[in-house]
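A, B, ... follow the sequence lines: proteins, then strands. Residue 1 opens every chain.
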Amino acid sequence: MKTLLADFHIHSLLSPCAEVEMTPHHLMLRAAAAGIGALALTDHNASANLPALIRLQEKYPVKVFPGMEVECKEEAHLVVLFDKMHQMAAWQQQVDKALSGRLNQPEKLGAQFVVDEKDNLVREEPRMLLGPLTLTAAEVVAAVNKLGGLCFAAHVDRPAYSLLMSLGFLPPELGLAAAEISRNSLAELQEQKLKARVGNLPYVTNSDAHWMQAFLDGPKNRITVRELTIKELRLALAGKEGRSWQAGVFIDN
Amino acid sequence: MKLDEIVQALQLTALVPATVPSVEVSGGYASDLLSNAMGQAAPGQIWVTMQGHPNVAAVASLLNLAGVIIAGGASVAPETAQKAQANGVALFTTRLPAYEVCGRLYALGVGKP
């Protein structure tokens, strides 16, 4: 078993709302220096900066999970995680078909940059990545679970883009693995006021960083697993077979 | 105003039930955030929303609403109608935009002080 700090919700400069300092190389450099053992890159409805990050695993002792922050039809955010890039590629194909078809307006919404592992510009993403897919939350979770991935509802405590706020309560049959509590509401980890409404899902906490300092300062998880796989993450969330998942942990504690 | 009169006046499509009961509608509420509707809508009101998720039927049942109008031609999940049927919730759709539905309801006197 190993115990490590992990952050499963981070944006790169492909997300229009993220700062350009959020390059794959910068992220891995700072994650390694801060002792982060695993992270997931989760750009809005996109995964094009993941190949660079995956390659950088050879250089830095940080495990990368292919991830995405998906906006479902109900205008709420779901974080999806996979083991392998081929699973993400299959998921991205479904996402591409479900995008709005609008083009990004970089001056108004922010630019969307794809870069390589040396932070060189590869291209700008022309499609508008922000906005809801035509897939419902139920369709997203079912498709991701079928591909062997894992989904959690992002920042359920927040007034906007929260599946809990959109739907009033999280239906247990949805198939979510966890609910994320944002850094603004960490008291909820003890108070558990929303716990019944999220269907008693385990809580996770991540930085949801859009700039570097937010990544370093933001909440993480201390997880104990045998190896870094989706299967092991599920065991850790369930607290089974010696695995564990502690939310509300920061780099300095 | 009665529910069946509203359905007639706005030419709503009744998904559930086939025969709309003549129950009094005490007022109206509009929100697409179900958590907000749960906290703010009151029993006997008609709820205007663009959400077609099955939870809409659950919230309407929980609050004993007179009915739900899913506006703007928004799509309704098949489970939503099933859940409405099972929970005795009156569920309607219309192509009218939510703004217009609310305006027309208000003009009919629904929710006017």
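Residue-environment remark: CD (A/Q192) exceeds the threshold of 12 foreign heavy atoms within 6.0 Å. The neighbour count for A/F169 CZ, taken as heavy atoms of other residues, nucleotides or ligands under 6.0 Å away, is above 12. Counted within 6.0 Å of NZ on B/K112, heavy atoms from surrounding residues, nucleotides or ligands total more than 12; the atom is thus considered enclosed.
For B/A58, the part lying near chain A is the side chain, with the backbone staying farther off; criterion is any non-hydrogen pair under 4.5 Å. Both the backbone and the side chain of A/S166 come within less than 4.5 Å of a heavy atom in chain B.
B/S35 and A/L164 make their closest contact through CB-O, 3.9 Å (heavy atoms, listed as atom of the first residue, atom of the second, distance). In terms of heavy-atom proximity, A/L167 sits nearest to B/N55 at O-ND2, 2.9 Å. Residues A/P171 and B/H53 come closest through the heavy atom pair CG-CE1, 3.8 Å.
Below 4.5 Å, heavy atoms of chain B meet heavy atoms from A/K73, A/E74, all part of residues 65-84 of chain A.
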